[in-house]
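Below, all heavy atoms of this structure are taken into account, side chains as well, without hydrogens, waters or symmetry copies. Keep in mind the model is a prediction, meaning the values are calculated, not measured.
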Amino acid sequence: MTDLVDAFLSWKYQGVQTSDIPGSIFHVTSVGITSFHSLRPIHQKLDEPANVSLIKAGFLGCSPLQPTTAISLECLELYHQIRRRKSSFSVQAMVKVLCALLNRTYFQSFRDQFAIAFDAYLCILRHVQSLVDQALGRDRPNWRMINACPPCNYRQANEEPLDPARLDSMDGNTSLKRVDGSGHADERVFPSTYLIPPSEVELFKDDVRLRPGTRIATDGSPTAASDDSACTENWKTANTVTENTITVFDQTGIFVSACRHGIVQTLVEMRKSGELAKYALATTNKVIDVYGPNGATGYDIGCSYGKTVAASSISLKASTNHHRFLVNSFHGHAHNRQCQLQFHPLYQNGLGIEDLETCERVFSASNAVAPVIRHASYFHWLQFIELHFDQWDSDKYLELSKFIYNNYKQALHIINELTPAVQELKVQLGLSDADFVKWNAEELEYLRSLTVETEDNVEKMIYVEALETLARSEQGSIRASNGLRKSAQTVARAREAERSATYRRLVLDMNAVDDLERRMGITERWTPEQEEYKRALDLLTNRRFIRIVEQLEGLVVKRLFELAKANLAGTGYKLRQHISNAIARRSAAIRAALDKYNNLAPLQNPPRPTLEYHEVASYAWLGEFDLLKHSRRDLLSKPWASKTNREVAAKYFKVLRAHEEITRLNVEVARLHRWVDDEDAHLSSVARSLSESNPALAYEIQHQFEDRRRVNRIHRTRLEAVYNLPGYSGLIQVVEERRDGDDGVESVLSDLGGSSTILVDEDDALCDEASRLDACMSE
């Protein structure tokens with residue numbers, strides 16, 4: 001491989017070379033982008049491998065020793081760039097395109113030859129990048145994780161400390177499956193820079209035996225997280241896989257972590273399972289080891305996952321490093337109100353306007369890889385996932401300054417738009433900033449103090465329910481058949497059967513009441529006039545009401561899942577039609593459940609408010625179901641129970657988070673600006689220093705420097721736009737003077753000021769629901 005790499009670097013540096021050194025000639029069938037030669041002569045030096053000779057001529061053979069077919073390096077690079085940017089563009093598709101351009105008939109054997117040459121080409125590129133990393137001093141362990149995102153990690157002297165020091169997200173995705181046994185003959189091991197080795201993941205297999213949100217008690221029995229179990233249940237369906245999936249697939253998905261700017265940090269393969277706790281624990285362990293203390297990680301079940309970590313082997317590490325676990329903004333609205341007050345980004349100090357939904361954006365793009373790796377070997381499965389994420393990170397690096405600019409504008413808009421309204425309402429209602437914080441604490445305390453049904457109350461409700469059932473059975477009368485006139489004997493038999501059935505039901509109901517009275521020690525049967533009966537009946541009525549509210553809540557959560565799926569890029573037409581129909585059915589079910597709720601609401605003590613469909617279906621309502629279920633008379637006097645006050649409080653916290661975002665962005669601006677200056681200087685310096693000793697490698701570094709300098713100049717242009725924003729409050733650094741030939745400056749500024757158009761979907765109903773989801777997520 002060393003000879004191939006050297007030949008490749010020499011070819012890039014000097015191009016195709018003619019040699020007068022004695023040797024031999026061999027012929028190959030050569031394939032280029034627009035050229036095809038069945039007998040291309042290749043000069044081969046004595047004792048020189050055939051593929052080294054081919055690379056010097058600008059080709060790469062399709063077999064390692066005696067190639068008869070060779071693909072041009074330009075053609076392989078073209079497919080390399082296409083595959084990086086269009087992950088679903090398969091080798092087969094590329095070969096068919098070449099056959100069309102060259103007027104050749106497609107054969108599977110040509111596809112196999114091209115795939116072999118492409119694998120070898122990618123291997124050469126990895127070795128070249130390894131040499132470049134060594135020359136640049138970037139071959140240290142975890143260098144990519146530490147330096148891939150300068151705004152997150154390129155700390156500067158005397159900068160304002162941030163808490164949390166950095167913001168990350170992690171989540172699992174089951175799209176990138178691989179069929180068990182595929183490519184079993186391929187025993188190669190791919191050298192991934194993203195993957196946490198399975199051996200490290202397996203260290204945590206016995207930490208938590210159940211799904212995230214459970215812990216192992218001191219006696220060895222599993223204990224579920226009490227407060228957050230309902231939240232975790234909302235996502236249970238999304239995080240589990242069927243037995244058939246485990247049987248069919250070896251890799252059932254991936255578990256990734258990414259910084260808030262979208263750059264992927266780690267990758268874990270999920271093997272023959274759903275989203276187990278060990279994947280999240282291995283990721284958390286890696287993140288803390290590399291990034292250090294005071295971090296915060298968003299996870300769709302971050303509330304219960306914090307308990308998982310506390311019961312794991314990294315409990316001490318996480319606590320001493322003050323690592324926090326939160327729920328994502330969108331996912332958080334499907335958690336109960338108590339959970340939101342403790343874990344939702346809107347109520348967390350230092351989070352800014354970050355939604356922690358980065359992984360969802362990562363998966364919306366990585367899902368495109370799925371069709372071409374489902375039946376791949378493990379080597380190719382990992383190779384093409386890494387190829388996708390490598391390009392994804394390059395794209396995210398290009399967008400860093402745009403991310404900062406957009407967030408700065410959004411934070412300033414929130415401050416300018418909401419601050420006057422909040423101040424006006426504070427004056428009208430006589431409120432202070434301290435009131436909003438106090439309300440949250442009081443509401444949290446109230447929700448924590450809600451009494452759970454005691455065993456005694458449950459027995460009383462069951463007893464009263466049994467008495468009501470018995471009363472209905474005693475009042476039942478034998479009804480004559482309404483069918484066609486039949487013989488007297490047939491009618492008599494029917495009446496006797498009905499009488500026997502009614503008697504059996506009555507006996508069963510009497511036995512049930514007698515059994516309850518015996519267990520509860522009741523010597524005299526309760527009557528509707530007794531206070532004990534009335535109190536139990538009130539509890540039973542309230543219990544039925546709570547069940548209706550929970551049914552309504554469950555339907556709204558399922559609707560959110562369907563909306564989220566409907567809005568995924570790449571969802572096929574048939575699936576979108578199916579989801580559209582499901583949303584329509586779910587909406588009808590919500591309306592039916594809402595009718596039941598509105599019938600029971602006035603009968604409660606105190607009466608609950610009736611609701612309209614648009615209120616229940618709105619995004620923010622998921623956090624309000626707890627108040628509906630557990631309202632008491634004393635709650636109505638609480639200031640934080642007022643809808644108006646809650647709206648004011650939400651605006652106040654948005655303004656507070658916007659000011660925090662400005663503080664974080666000021667730090668990130670300084671970090672990114674220093675990075676682009678330092679990186680340009682470093683790449684240029686190393687390229688010059690190697691120009692004499694290793695000109696071929698120096699040329700490669702110079703090539704990468706020119707590519708990076710182009711991107712870094714875009715960053716400087718955008719950063720200058722940030723400095724010019726009305727309301728910018730950070731450090732203003734000197735921007736490198738623009739040079740003639742700098743391309744894209746006007747386009748960059750135009751892109752910052754432009755807006756993207758929304759494409760209309762074929763299905764208007766589905767489009768409306770997806771647009772509503774977009775609007776909800778932007779709130």
Side-chain angles (χ1 to χ4, degrees), residues 83-84 86-93 115 119 169-190 192 194-198 201-202 205 211-212 235-258 264 266-280 282-283 299-301 359-392 561-562 564-566 568-576 578-579:
R83 186 64 180 262
R84 289 177 69 93
K86 183 65 175 177
S87 300
S88 59
F89 194 74
S90 65
V91 172
Q92 183 185 56
D119 280 350
S169 299
M170 64 180 186
D171 201 4
N173 177 267
T174 57
S175 294
L176 303 185
K177 302 180 181 71
R178 188 183 75 87
V179 174
D180 192 10
S182 298
H184 62 276
D186 188 352
E187 298 181 349
R188 290 174 294 175
V189 177
F190 183 80
S192 173
Y194 291 89
L195 185 70
I196 299 177
V201 176
E202 290 305 304
K205 66 177 181 179
R211 58 177 171 80
W235 304 100
K236 182 177 179 181
T237 302
N239 293 338
T240 55
V241 295
T242 63
E243 187 65 31
N244 287 338
T245 299
I246 294 175
T247 303
V248 173
F249 297 102
D250 190 9
Q251 278 70 35
T252 51
I254 59 173
F255 192 96
V256 304
S257 68
V264 177
T266 63
L267 166 70
V268 174
E269 60 173 284
M270 298 196 299
R271 295 194 72 250
K272 291 191 173 295
S273 68
E275 194 173 313
L276 300 181
K278 65 180 180 180
Y279 306 130
T283 300
Y299 189 19
D300 54 14
I301 51 171
C359 289
E360 300 305 319
R361 303 179 185 101
V362 172
F363 295 144
S364 69
S366 67
N367 288 344
V369 191
V372 293
I373 62 172
R374 185 62 50 86
H375 296 278
S377 67
Y378 177 67
F379 175 87
H380 287 125
W381 180 82
L382 192 52
Q383 174 176 266
F384 290 126
I385 289 177
E386 176 125 349
L387 188 66
H388 169 83
F389 283 143
D390 186 57
Q391 183 59 44
W392 167 270
F561 289 154
E562 289 156 355
K565 180 62 178 175
L568 281 179
T571 303
Y573 174 76
K574 288 186 178 180
L575 181 57
R576 291 175 69 85
H578 175 75
I579 295 172

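Each of Thr266, Val201, Leu382 was checked for a side chain to side chain contact (heavy atoms under 4.5 Å, CB included) with Leu195, and the lone residue meeting it is Leu382.
A side-chain donor-acceptor contact under 3.5 Å links Thr252 to the backbone of Met270. Using a distance-only test at 3.5 Å, with no hydrogens or angles considered, no donor-acceptor pair links the side chain of Asp390 to the main chain of Glu386. Judged by distance alone, with hydrogens and angles left aside, the side-chain atoms of Thr174 form no donor-acceptor pair with the main-chain N or O of Gly253 at under 3.5 Å. At distances below 3.5 Å, at least one donor-acceptor pair connects side-chain atoms of Arg178 with backbone N or O atoms of Ala376.
Taking each heavy atom of Val372 and Ser90 in turn, the nearest pair found is CG1-CB, 3.8 Å. The two residues Ser175 and Arg374 have their closest heavy-atom pair at O-NH2, 2.9 Å. Of all heavy-atom pairs between Ser366 and Leu176, the closest is O-CD2, 3.4 Å. Closest approach of Ala365 to Trp392, counting heavy atoms only: CB-CZ3, 3.4 Å.
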Please determine whether side chain to side chain contact (heavy atoms under 4.5 Å, CB included) holds for the pair Ile254 and Trp381, giving the CA-CA distance in whole Å, both sets of side-chain angles, and the decisive distance to 0.1 Å. CA-CA 11 Å; Ile254 59 173; Trp381 180 82; 3.9 Å; yes

Run the side chain to side chain contact (heavy atoms under 4.5 Å, CB included) test on Phe384 and Arg83 for me, step by step, so that the C-alpha distance in whole Å, both residues' side-chain angles and the decisive distance to 0.1 Å come before the verdict. CA-CA 9 Å; Phe384 290 126; Arg83 186 64 180 262; 3.4 Å; yes

Yes or no on side chain to side chain contact (heavy atoms under 4.5 Å, CB included) for Tyr194 and Val256, after CA distance, side-chain angles and deciding distance? CA-CA 9 Å; Tyr194 291 89; Val256 304; over 6 Å; no

Before giving the answer on side chain to side chain contact (heavy atoms under 4.5 Å, CB included), spell out for Asp180 and Phe249 the whole-Å C-alpha distance, their side-chain angles and the decisive distance to 0.1 Å. CA-CA 5 Å; Asp180 192 10; Phe249 297 102; 5.9 Å; no

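Contact annotation: the side chain of Phe389 approaches that of Val362 to within less than 4.5 Å [non-hydrogen atoms, C-beta and beyond]. Looking at heavy atoms from C-beta onward, Arg84 lies out of side-chain contact with His388 at the 4.5 angstrom threshold.
Note on ring orientation: taking the six-membered ring where Trp is involved, the planes of Phe379 and Phe190 are perpendicular (angle over 60°, cut-offs 30° and 60°).
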